[in-house]
Novice: 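Starting off with a structure, shown below.
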Number of protein chains: 2
Amino acid sequence: MKQNSRLWLALHTLGHIANEPDRMHTSAEIADHAGTNPVVVRRVLGRLREAGLLVSEKGHAGGWRLASAPKDITLADIYSALDENIVAPPPADYARSCAVESELHKHVTSVLLEAERSLVERLGETTLAQFQEV
Amino acid sequence: MKQNSRLWLALHTLGHIANEPDRMHTSAEIADHAGTNPVVVRRVLGRLREAGLLVSEKGHAGGWRLASAPKDITLADIYSALDENIVAPPPADYARSCAVESELHKHVTSVLLEAERSLVERLGETTLAQFQEV
DNA sequence: AGGTCTGTAACTTTTGATGTTGCGAAACAT
DNA sequence: ATGTTTCGCAACATCAAAAGTTACAGACCT
């Protein structure tokens, strides 16, 4: 796969699961479909489970399924569950020194945070149901 | 330094140069101040020069200075010059296959792009002049 | 009991960014 | 003209985060 693709893997996978909500999907099956590794899948889906979006079951007929209906899962839920901070993390070292750049830093950070907030808001307007096949 | 800190290094540096617009600033001096390496500084500032924000001069009293007045340089100019795409680059591999996730992919990408557009718009409202000391 | 899953903990590999060294080219001072 | 300063650039070395891998314990079903 590639780097920083957790979000895409998550979307990809949830899209599929939402289309067949009634059966369990194993990590092996998903990994196969996504061209990656079962463990990687479990890592990513694990976060979604922690966020209450998915349910996993062990054992024979185990696997993964949605924790709620596709119409109740927004893209913002998915994005947030992965805490991908689009906002470039401020490199700490820069906080020190001159008041000037401290101001600059604060200003830019707040703009970035606001951009992220508006992004999440937008993602919240769309649910998985909108991508289900008819 | 740290990772993905080009934006911060650029802001930091331009902030300083904007406060002393009349003299040349050498990469060694900047690197020293930013706790990094002259070559790294030149790499980042080189992009800003390509974008027409800075001018560099070789030789004895050489170094870097702003190409225009602080009030004519917006944070968006800086951001754009570095083409930091905050939008996570879509991992290509996913474009294939099922129409469902292709739709999902397109939708999410467009939301991300819009978020970035609005971010740049916001950054465009602020100029370097606003961070100059009085 | 035996087979099928997830859950996790290591560890290795890969990738992108940063840091480093070295040297050529340009500008200037003497 | 010669030497010094400084950028420009290329070729590495180093580092950190992400992804991939292996291995095995725990849970569940038949």
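Each chain gets a letter, A, B and so on, in the order its sequence line appears, and its residues count up from 1.
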Novice: Quick test of your reading of the model: are R23(B) and E29(B) salt-bridged, counting only N-O distances below 4.0 Å?
Specialist: yes
Novice: What's the closest nucleotide to the side chain of V40(B) if the choices are dC5(C), dA19(D), dT20(C)?
Specialist: dT20(C)
Novice: Please figure out whether N37(A) or R49(B) has its closest DNA chain D nucleotide nearer the 5' end.
Specialist: R49(B)
Novice: Can a donor-acceptor pair be found, under 3.5 Å and without considering hydrogens, that links the side chain of Q132(A) to the backbone of A18(A)?
Specialist: yes
Novice: Hey, does the side chain of T26(B) come within less than 4.0 Å of dC7(D)'s phosphate (OP1/OP2), counting only N and O?
Specialist: no
Novice: Quiz question: going by heavy-atom distance under 3.5 Å, is there a donor-acceptor pair between the base of dG19(C) and the side chain of R43(B)?
Specialist: yes
Novice: For the pair N19(B) (side chain) and H16(B) (backbone), establish whether a donor and an acceptor sit closer than 3.5 Å, ignoring hydrogens and angles.
Specialist: no
Novice: Considering just the side-chain nitrogens and oxygens of S27(A), establish if one lies under 4.0 Å of OP1 or OP2 belonging to dC5(C).
Specialist: no
Novice: Would you indicate which nucleotide in dT6(C), dG19(C), dA17(C) comes nearest to any side-chain atom of R6(B)?
Specialist: dA17(C)
Novice: Determine whether a donor-acceptor pair (N or O, by modelled atom type, separation under 3.5 Å) exists between the side chain of S110(B) and the backbone of H107(B).
Specialist: yes
Novice: Provide, to the nearest angstrom, the distance between the CD1 atom belonging to I30(A) and the P atom belonging to dG7(C).
Specialist: 11 Å
Novice: From the set dT20(C), dT6(C), dT22(D), return the single nucleotide nearest to any side-chain atom of S56(A).
Specialist: dT6(C)
Novice: Considering only side-chain heavy atoms of H60(B), which listed nucleotide, dG7(C), dA29(C), dG19(C), is closest?
Specialist: dA29(C)
Novice: Respond yes when some side-chain nitrogen or oxygen of S5(A) is under 4.0 Å from OP1 or OP2 of dA19(D), and no when none is.
Specialist: yes
Novice: Looking only at the side chain of V39(A) (C-beta and beyond, no hydrogens), which of the listed nucleotides dG7(C), dC9(D), dT21(D) gets closest?
Specialist: dT21(D)
Novice: Any side-chain N or O of R42(B) under 4.0 Å from OP1/OP2 of dC7(D)?
Specialist: yes
